[in-house]
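The first residue in the sequence is number 1, and the count goes up from there. Only a predicted model underlies this, so the values are computations on that prediction, with no experimental measurement involved.
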Amino acid sequence: MCVRISRSFTITEEKMMKYASLSGDFNPIHLYQDEAERSGFKAPIAHGMLTMGLSLDIVSSFTEKGMMVFTFQMQFLKPIYMNDTIHLVAKIMLEGEIVDLFIEGRNNENEAVVRGKLSLADGDYIKKDEQVLHNLLT
């Protein structure tokens, strides 16, 4: 079975400043126009982890039902700039007890800027898997 869901979010200056404050990442290419341009960007670029965090909203309907993120991988294909709106589309695949979401994010120019995969499972499945891993490592 294959289902698609979508979400959008905008990278605002406020979100970038709050993320910098919380993370301690004050790299000037994320915050200042002149520094971004000096580094070859047209405007300040979003922190990668901020983008990943905002992308997690696409799984909110699953986490509200008790599922947990099992793995999360994201490729950054192009810079994401301050004030860009990112439109995410996820193709959902069910494989046994795991729900996989294959995500693509596009900016307002319809350019692919991120691509990734999120896997979700219920808490009991994850605990069982963690115990198997623990047994292998000890």
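In plain terms, the two heavy atoms of D84 and P79 that are nearest each other are OD2-O, 4.4 Å. Counting all heavy atoms, side chain and backbone alike, I86 lies closest to G105 at CG2-CA, 4.1 Å. Nearest heavy-atom pair, T51 versus M74, reported as atom, atom and distance to 0.1 Å: CG2-SD, 4.5 Å. Of all heavy-atom pairs spanning A112 and L77, the tightest one is O-CB, 3.7 Å. In terms of heavy-atom proximity, I29 sits nearest to A36 at O-CB, 3.9 Å.
Between V69 and L118, some side-chain heavy-atom pair lies under the 4.5 Å cut-off. Looking only at side-chain heavy atoms (C-beta outward), L94 and V3 stay at 4.5 Å or farther from each other.
Within 6.0 Å of the CZ atom in F26, the count of heavy atoms belonging to other residues, nucleotides or ligands exceeds 12. The local environment of CD in E109 is crowded, with over 12 non-hydrogen atoms from other residues, nucleotides or ligands closer than 6.0 Å.
Rounding to the nearest 0.5 Å places NZ of K78 at 4.0 Å from CD of E111. Distance CZ/F41 to CE/M82: 13.5 Å, rounded to 0.5 Å. For the atom pair CG of D122 and CE of M67, the computed distance is 6.0 Å after rounding to the nearest 0.5 Å. Annotation: the span from K65 atom NZ to S60 atom OG amounts to 9.0 Å, rounded to 0.5 Å. Here I92 contributes atom CD1 and I5 contributes atom CD1; the two are 4.0 Å apart, rounded to the nearest 0.5 Å. Summarising the geometry, atom CG belonging to L56 is positioned 13.0 Å from atom CZ belonging to F62; distances are rounded to the nearest 0.5 Å.
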Exercise for the section: Please test N107 against I80 for side chain to side chain contact (heavy atoms under 4.5 Å, CB included), starting from the C-alpha separation and ending with a verdict. Expected result: CA-CA 8 Å; N107 61 18; I80 296 173; over 6 Å; no
Handout entry: side chain to side chain contact (heavy atoms under 4.5 Å, CB included) evaluation trace for K117 with T71
Key = CA-CA 8 Å; K117 179 183 175 190; T71 62; 5.5 Å; no
Practice task
Please test I58 against L101 for side chain to side chain contact (heavy atoms under 4.5 Å, CB included), starting from the C-alpha separation and ending with a verdict.
Solution key: CA-CA 9 Å; I58 205 158; L101 284 81; 4.3 Å; yes
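Applying the ring-ring contact (aromatic ring centres under 6.0 Å, His included) rule to pairs touching residues 72-105 yields nothing, sequence neighbours excluded.
Put simply, V113 and I45 are part of two different groups of oily side chains (I, L, V, M, F, W, Y) that touch within less than 4.5 Å, one to the next. In the hydrophobic clustering of ILVMFWY residues, with side-chain heavy atoms under 4.5 Å counting as a link, L120 and V89 come out apart. Taking hydrophobic clusters as Ile, Leu, Val, Met, Phe, Trp and Tyr residues chained together by side-chain heavy-atom distances below 4.5 Å, L54 shares a cluster with M49. Under a hydrophobic-cluster definition in which Ile, Leu, Val, Met, Phe, Trp and Tyr are linked whenever side-chain heavy atoms come within less than 4.5 Å, directly or via other members, M52 and I103 are assigned to the same cluster.
Checked against side-chain contact (heavy atoms from CB on, under 4.5 Å), Q73 has no partners two or more places apart in sequence or in another chain. Taking E37 as the reference, nothing meets the salt bridge (charged side-chain N to carboxylate O under 4.0 Å, His left out) condition, with sequence neighbours excluded. Remark: H30 engages H47 in a ring pair (Phe, Tyr, Trp, His ring centres under 6.0 Å) (not counting sequence neighbours). For E13, the salt bridge (charged side-chain N to carboxylate O under 4.0 Å, His left out) criterion is met by no residue, not counting sequence neighbours. D57 is linked by a salt bridge (charged side-chain N to carboxylate O under 4.0 Å, His left out) to R7, counting only residues two or more places apart in sequence or in another chain.
With S21 contributing its side chain and M17 its backbone, the two residues share no donor-acceptor pair below 3.5 Å. A donor-acceptor pair under 3.5 Å is formed between the side chain of S23 and the backbone N or O of D25. A donor-acceptor contact shorter than 3.5 Å links the side chain of K15 to the backbone of T10.
Counted by atom type alone, S8 and T85 present zero donor-acceptor pairs between their side chains at under 3.5 Å.
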